[in-house]
Amino acid sequence: MFRSMTAFGRARETVNGKDIVAEIKSVNNRYYDCTVKITKLYSFLEDKIKQYLQSKGISRGKVEVYVSIDLLEQEGIEINLDTAYAKSYIDALCKLRDTFDLKDDITTSRVAMNKDIFTIKKPDDDIEKDWADIKVVLDKALETFFQRRESEGENLYKNIVEKIGNIKEYLKEIEKNSESDIKGYASKLEERILKFLNDNSVQIDEQRILTEVAIFADKVAIDEELVRLGSHFDAFNEIVASGEPAGRKLDFLLQEMNRETNTIGSKASNTSTAHLVVNIKNELEKIREQIQNIE
């Protein structure tokens, strides 16, 4: 199963006197990069949230988590003024006003809009209790988050399988062309040699013709490349069936597919095969773009 790295999940719940909102969103990233924004009073849980998301199976992607916690029951909460910070802040506002000759509207309510001038102290409750309350909502957000990752991953999987099917059809045509090229080369070579020999009254050397055809066949043979591409397609199925994060493995596998395709292109002896190789490379590039979205 594929999982997309692009998803969003949100949940809101009232738990033990706390109105908790949890939002999780992620976009493509080569590694796991998680940032957490949480109500200042509970900032001590940031690292715990990062580790928890990773333990739930998020291994790649730039993940942003937002957790808002409003206390509906304020028992034991102390709000104090950070006098030193407030003084510096008001002095800066006054300097701004005087420097640019602004209207003086510095009021208590306006200054209080800067929440950093206040310090909030909550009772020394059990950290595990706070974490348990937040995890209830976080898990619900994760449920939606993973559903969307898997849904988008399923779409990516279908799209990639369709493109691999196209590539296999192109390879069948290339294989037919290769066989025809060798037969055609033998016929043309014999025709040219016969014409030359007849014009010069020289007897034909059948063994020499067979040798030249064998050299040409060896030069344009793509059997090994076709076998290796077939094994790569099998490896694709195995990676998908493993259920493990597939993005990095598929990225490497795609590089190998490109390498074999380039080799086939270098051996192409007719325009039809050359066009088919271009089509394959085009499909591989589209697959590469899709793989960038897979965890």
Side-chain angles (χ1 to χ4, degrees), residues 1-83 85-86 89 108-155 243 245 247 293-295:
M1 179 187 295
F2 284 172
R3 291 202 304 190
S4 169
M5 281 191 283
T6 304
F8 176 79
R10 185 180 190 276
R12 182 173 186 173
E13 191 89 9
T14 299
V15 184
N16 293 327
K18 303 180 185 75
D19 179 22
I20 304 173
V21 177
E23 293 182 357
I24 307 167
K25 66 177 181 178
S26 69
V27 293
N28 300 350
N29 198 57
R30 188 174 181 181
Y31 304 105
Y32 175 67
D33 179 15
C34 181
T35 57
V36 177
K37 294 181 180 178
I38 188 171
T39 302
K40 190 175 181 180
L41 201 59
Y42 296 87
S43 59
F44 59 88
L45 291 173
E46 284 184 15
D47 287 339
K48 201 170 187 67
I49 292 173
K50 291 179 184 180
Q51 294 169 10
Y52 182 67
L53 263 60
Q54 197 166 20
S55 73
K56 296 294 283 186
I58 302 177
S59 60
R60 292 180 71 197
K62 182 174 177 57
V63 184
E64 295 181 0
V65 183
Y66 169 75
V67 181
S68 171
I69 306 162
D70 286 332
L71 296 174
L72 303 179
E73 300 172 5
Q74 301 290 337
E75 293 182 8
I77 297 294
E78 295 181 10
I79 301 178
N80 298 306
L81 177 65
D82 186 339
T83 308
Y85 178 84
Y89 179 63
T108 301
S109 58
R110 283 191 175 275
V111 172
M113 291 174 68
N114 183 348
K115 295 182 179 180
D116 288 338
I117 68 173
F118 300 107
T119 60
I120 304 175
K121 184 178 180 182
K122 63 188 281 294
D124 294 329
D125 293 337
D126 184 357
I127 292 177
E128 290 304 318
K129 180 182 176 183
D130 289 331
W131 168 238
D133 292 343
I134 293 171
K135 192 162 78 71
V136 169
V137 187
L138 196 61
D139 281 340
K140 290 187 177 182
L142 276 171
E143 184 178 351
T144 303
F145 177 82
F146 282 130
Q147 285 175 353
R148 293 180 179 175
R149 267 197 162 193
E150 290 170 5
S151 176
E152 179 61 22
E154 181 64 22
N155 292 334
N293 297 317
I294 297 172
E295 184 179 30

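Nearest heavy atom pair, residue A11 against residue A141, reads CB-N, 3.5 Å. Closest approach of G57 to R3, counting heavy atoms only: O-NH2, 2.6 Å. In terms of heavy atoms, A7 sits closest to F145 at CB-O, 3.6 Å. Across all their heavy atoms, I117 and A112 have their closest contact at CD1-CA, 4.1 Å. When all heavy atoms of L81 and A86 are compared, the closest pair comes out as CD1-CB, 4.0 Å.
Counting only distance, with no hydrogens or angles, the side chain of S43 and the backbone of K40 share a donor-acceptor pair below 3.5 Å. The backbone N or O of V21 sits nowhere less than 3.5 Å from a side-chain atom of R12 that would complete a donor-acceptor pair.
Under the 4.5 Å side-chain criterion, counting only non-hydrogen atoms from C-beta, I38 is in contact with E46. At least one side-chain heavy atom of K18 sits under 4.5 Å from a side-chain heavy atom of L71. In this structure, I69 and L41 have side chains that are not in contact, with every pair of non-hydrogen atoms separated by 4.5 Å or more. Side-chain atoms of N29 and V63, non-hydrogen and from C-beta on, never get closer than 4.5 Å to each other.
In summary, R60 and E295 do not engage in a salt bridge, as defined by a charged side-chain N under 4.0 Å from a carboxylate O. Between E128 and K48 there is a salt bridge, with a side-chain nitrogen of the basic residue lying less than 4.0 Å from a carboxylate oxygen of the acidic one.
A tilted orientation is assigned to the rings of Y42 and F44, their planes being inclined by 30° to 60°.
For the atom pair CG of D133 and CD of E13, the computed distance is 11.0 Å after rounding to the nearest 0.5 Å. The distance from atom CD of E154 to atom CD of E152, rounded to the nearest 0.5 Å, is 10.5 Å. Atom OG of residue S59 and atom OH of residue Y31 lie 12.5 Å apart, to the nearest 0.5 angstrom.
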(request) Check the pair L142 / I24 against side chain to side chain contact (heavy atoms under 4.5 Å, CB included), numbers first and verdict last. (result) CA-CA 7 Å; L142 276 171; I24 307 167; 3.5 Å; yes

(request) In sequence, state the C-alpha distance, the side-chain angles, and the governing distance for L138 and I20, and then conclude on side chain to side chain contact (heavy atoms under 4.5 Å, CB included). (result) CA-CA 9 Å; L138 196 61; I20 304 173; over 6 Å; no

(request) Please assess F2 against N155 for the test side chain to side chain contact (heavy atoms under 4.5 Å, CB included), listing each intermediate value before the final yes or no. (result) CA-CA 9 Å; F2 284 172; N155 292 334; over 6 Å; no

(message) Between R149 and M5, does the side chain to side chain contact (heavy atoms under 4.5 Å, CB included) criterion hold? Intermediate values first, please.
(response) CA-CA 7 Å; R149 267 197 162 193; M5 281 191 283; 4.2 Å; yes

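Note on residues 45-67: pairs passing ring pair (Phe, Tyr, Trp, His ring centres under 6.0 Å), not counting sequence neighbours, are Y52-W131.
Around NZ of K50, the count of heavy atoms belonging to other residues, nucleotides or ligands within 6.0 Å exceeds 12.
In terms of the side chain to side chain donor-acceptor pair (under 3.5 Å) criterion, residue partners of T6 (sequence neighbours excluded) are, by chain and number, N28.
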